[in-house]
Amino acid sequence: MYVAVKGGERAIENAHGWLAEARRGDATVPDLAVDQIREQLALAVDRVMAEGSLYDPDLAALALKQARGDVVEAVFLIRAFRTTLPRFGASAPLDTGAAQIIRRISATYKDAPGGQVLGPTFDYTHRLLDFGLAESATPAPAPEAPSSLGAVPHILSHLGEEGLIQPEREGGAEVPDLTRAPLEFPASRPLRLQALARGDEGFLLSLAYSTQRGYGRNHAFIGELRIGHVRVSAYLPELGFEIDFAEILLTECETVNQFQGSKSEPAQFTRGYGLVFGQSERKAISMALVDRALRTRELGEDTGSAPAQDEEFVLSHCDNIQSSGFLEHIKLPHYVDFQAELELIRKLRRRAMPEAAQ
Amino acid sequence: MTSASLTRRDWMGLLARAPLARLDTHWPDEPPAFMWLRAPEIGTMMVQGRAGAVGAAFNLGEVTVTRAALRLSCGTVGHAMVQGRGLRKAERAALLDALLQTSAGPELQARVLGPLQAAERAAQEARARRAAATKVDFFTLARGEG
């Protein structure tokens with residue numbers, strides 16, 4: 001029997017009232033503007049866009065404000081908002097080789113054409129708290145140097161010319177979309193990449209780390225990590241031509257992985273790939289390592305079955321909105337279920353220990 | 001500002017990527033009358049990437065866009081698909097797209113598109129100069145006697 005209970009409306013309303021007040025914090029401290037979040041907490045904004053799977057910095061900043069800085073809650077708000085919007089179409093596949101680079105490094109070639117460009121990185125900082133930031137201050141303008149505006153080629157294209165790295169295969173005409181059709185296994189690589197691109201950064205980081213520690217080892221080099229602005233183009237049927245309707249910031253990671261060869265493939269380097277909205281290299285590197293781990297079956301590797309190589313395990317658990325939705329539903333009333341469990345335990349104890357029951 | 005005039009494909013992209021504030025700066029005091037063919041509507045476009053940058057296409061995530069279409073009294077049709085959620089931005093881009101196709105085109109190219117293109121270029125160059133300043137110059141330290 002299902003028993004419906006009502007009540008708690010006023011408690012809920014008052015709780016939300018308190019939430020609004022708590023969100024604002026001490027009213028003597030100035031209110032935080034959305035554009036301040038967008039400009040000064042940009043990496044949190046980027047993470048919300050990546051995992052929310054919607055590129056819109058103003059919306060992501062608003063979501064962070066509403067969620068009191070809880071990133072997963074902000075991602076939830078973005079995902080929910082997205083469902084209210086019509087989708088007009090799809091872009092042409094991005095040409096990340098034409099990106100305007102703000103950062104681009106390689107751990108495999110010191111003298112890669114185009115050079116090693118550090119960009120606005122935390123690397124080589126001493127990770128000492130800067131108490132100067134507690135005071136409001138405007139930093140000196142960033143140093144500049146003469147530059148030509150040319151695109152820099154992908155580093156792995158050089159290995160490709162020698163045939164030392166597995167070439168990428170063309171995909172089918174249909175691009176699978178997990179927001180339109182339920183995930184089915186085995187999943188194609190395009191579907192896996194979509195799931196990873198919107199997957200939880202922490203989960204993917206842990207899985208990627210597990211491959212480095214030996215659970216499905218596939219030693220990875222960072223062939224190239226690039227962060228840059230990329231134009232997005234689409235063919236508009238009503239016009240009969242393509243326009244570059246947007247420019248977005250992306251982080252891309254290409255790994256080069258050892259591969260001894262298998263029954264079906266010669267010894268050669270193989271690839272892992274990560275591509276993420278915004279500036280998010282931890283996520284992009286994690287994605288590339290997990291992408292490579294999930295390719296173990298297609299490469300015919302005999303490395304056992306580590307968690308990062310198990311696509312059903314990885315893809316079913318990488319979405320933080322799905323995970324937290326199921327996790328948090330156990331907060332909701334389970335009074336009747338629990339009553340039944342309680343009755344059962346009492347009955348079993350009476351049967352096992354009749355004297356104690358008396 | 002611009003040496004050669006832009007094609008429609010180029011100006012539609014330029015208007016789509018420009019910040020609203022910059023379109024507002026170049027807005028005529030008395031915009032011409034028009035009729036909506038498609039009132040501004042906010043939606044998304046799915047952005048596709050490629051596995052390994054060159055392989056199979058996959059769905060990376062969506063980007064917000066606003067689109068609109070309108071017709072001037074002379075019959076010229078203007079379209080817009082602009083980045084972000086911006087009803088007014090889409091209206092301005094669609095109206096400019098229509099006007100740029102009329103006899104007012106050459107004057108608008110110089111007055112509106114020129115500054116927009118210069119601003120976009122300046123932002124790119126500023127980023128490129130900052131990036132160039134962080135380019136690593138490797139040098140080899142003196143090695144021990146071999």
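Fair warning: this is a prediction, and the values are worked out from it, not measured in the lab. Reminder, nothing fancy here: chain letters follow the sequence lines and each chain counts from 1.
- Atom CD of A/Glu238 is separated from atom CG of B/Leu37 by 11.0 Å, given to the nearest 0.5 angstrom.
- Between A/Asp56 and B/Gln83, the closest side-chain pair of non-hydrogen atoms is not below 4.5 Å.
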Exercise for review: Start with the C-alpha distance between A/Thr121 and B/Thr134, add both sets of side-chain angles, then the distance that settles side-chain contact (heavy atoms from CB on, under 4.5 Å), and finish with yes or no.
Suggested key: CA-CA 10 Å; A/Thr121 180; B/Thr134 68; over 6 Å; no

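- Heavy-atom pairs under 4.5 Å with chain B were tallied for A/Arg104, A/Met49, A/His229; the largest tally goes to A/His229.
- Looking at every heavy atom in both residues, A/Pro190 comes nearest to B/Ala56 through CG-CB, 4.0 Å.
- How far OG of A/Ser147 is from NZ of B/Lys135: 8.0 Å, rounded to the nearest 0.5 Å.
- Separating the CZ atom in B/Phe58 from the CG atom in A/Leu178 is a distance of 11.5 Å, to the nearest 0.5 Å.
- Under the side-chain contact (heavy atoms from CB on, under 4.5 Å) criterion, A/Ala220 pairs with A/Thr255, A/Asn257, A/Leu289, not counting sequence neighbours.
- Ion pairing of B/Arg17 with A/Glu247 is absent here, as no side-chain N (NZ or NE/NH1/NH2) approaches a carboxylate O to less than 4.0 Å.
- B/Asn59 and A/Pro176 make their closest contact through ND2-O, 2.9 Å (heavy atoms, listed as atom of the first residue, atom of the second, distance).
- Counting all heavy atoms, side chain and backbone alike, A/Ala90 lies closest to B/Met45 at O-CE, 3.6 Å.
- Between B/Gly13 and A/Ile243, the closest heavy-atom pair is N-CB, 4.4 Å.
- In this structure, the portion of A/Ala92 lying under 4.5 Å from any heavy atom of chain B is its backbone and not its side chain.
- Contact record, A/Pro146 with B/Ala132: O-CB, 3.6 Å, taken as the closest heavy-atom pair.
- Between B/Gly49 and A/Leu275, the shortest heavy-atom distance links the atoms CA-CD2, 4.1 Å.
- Heavy atoms of B/Val82 lying under 4.5 Å from chain A belong exclusively to its backbone.
- In terms of heavy-atom pairs under 4.5 angstrom with chain B, the leader among A/Ala197, A/Gly115, A/Ala288, A/Pro143 is A/Pro143.
- Between chain B and the residues A/Leu85, A/Val276, A/Asp58, A/Val175, the largest count of heavy-atom pairs under 4.5 Å involves A/Val175.
- The choice from A/Gly160, A/Ser53, A/Gly52 that makes the most heavy-atom pairs within less than 4.5 Å of chain B is A/Ser53.
- Counting heavy-atom pairs under 4.5 Å between each of B/Val63, B/Leu14, B/Leu15, B/Val65 and chain A puts B/Val63 at the top.
- Heavy atoms of A/Arg192 lying under 4.5 Å from chain B are absent altogether.
- Rounding to the nearest 0.5 angstrom, the gap separating the CD atom in B/Glu125 from the OG atom in A/Ser148 is 10.5 Å.
- Of the possible polar contacts, none joining the A/Asp244 side chain to the B/Asp10 backbone as a donor-acceptor pair under 3.5 Å is found.
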**Study point:** salt bridge (charged side-chain N to carboxylate O under 4.0 Å, His left out) between A/Arg180 and B/Glu62, intermediate numbers included
**Key:** CA-CA 13 Å; A/Arg180 294 283 167 94; B/Glu62 287 161 273; 5.6 Å; no

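- With rounding to the nearest 0.5 angstrom, the CD atom of A/Gln116 is 11.5 Å from the CG atom of B/Asp137.
- Between chain A and the residues B/Thr64, B/Val136, B/Val77, the most heavy-atom pairs under 4.5 angstrom are made by B/Thr64.
- Counted within 6.0 Å of CZ on A/Phe122, heavy atoms from surrounding residues, nucleotides or ligands total 12 or fewer; the atom is thus considered open.
- Between chain A and the options B/Arg9, B/Arg8, B/His79, B/Arg121, the largest number of non-hydrogen pairs under 4.5 Å is found for B/Arg9.
- A cation-pi contact, defined as under 6.0 Å to the ring centre and within 45° of the axis, links B/Arg67 to A/Phe88.
- A salt bridge is absent between B/Arg50 and A/Glu168; no separation between the charged side-chain nitrogens and carboxylate oxygens falls under 4.0 Å.
- To the nearest 0.5 Å, atoms CD (B/Gln48) and CG (A/Leu193) are separated by 12.5 Å.
- Residue with the most contacts toward chain B among A/Arg271, A/Glu170, A/Arg103: A/Glu170 (heavy-atom pairs, distance under 4.5 Å).
- Most heavy-atom pairs under 4.5 Å with chain B, from the set A/Leu59, A/Ile101, A/Leu191: that is A/Leu59.
- Residue with the most contacts toward chain A among B/Arg127, B/Met12, B/Met81, B/Arg130: B/Arg127 (heavy-atom pairs, distance under 4.5 Å).
- With a threshold of 4.5 angstrom between heavy atoms, A/Phe245 approaches chain B through its backbone and through its side chain.
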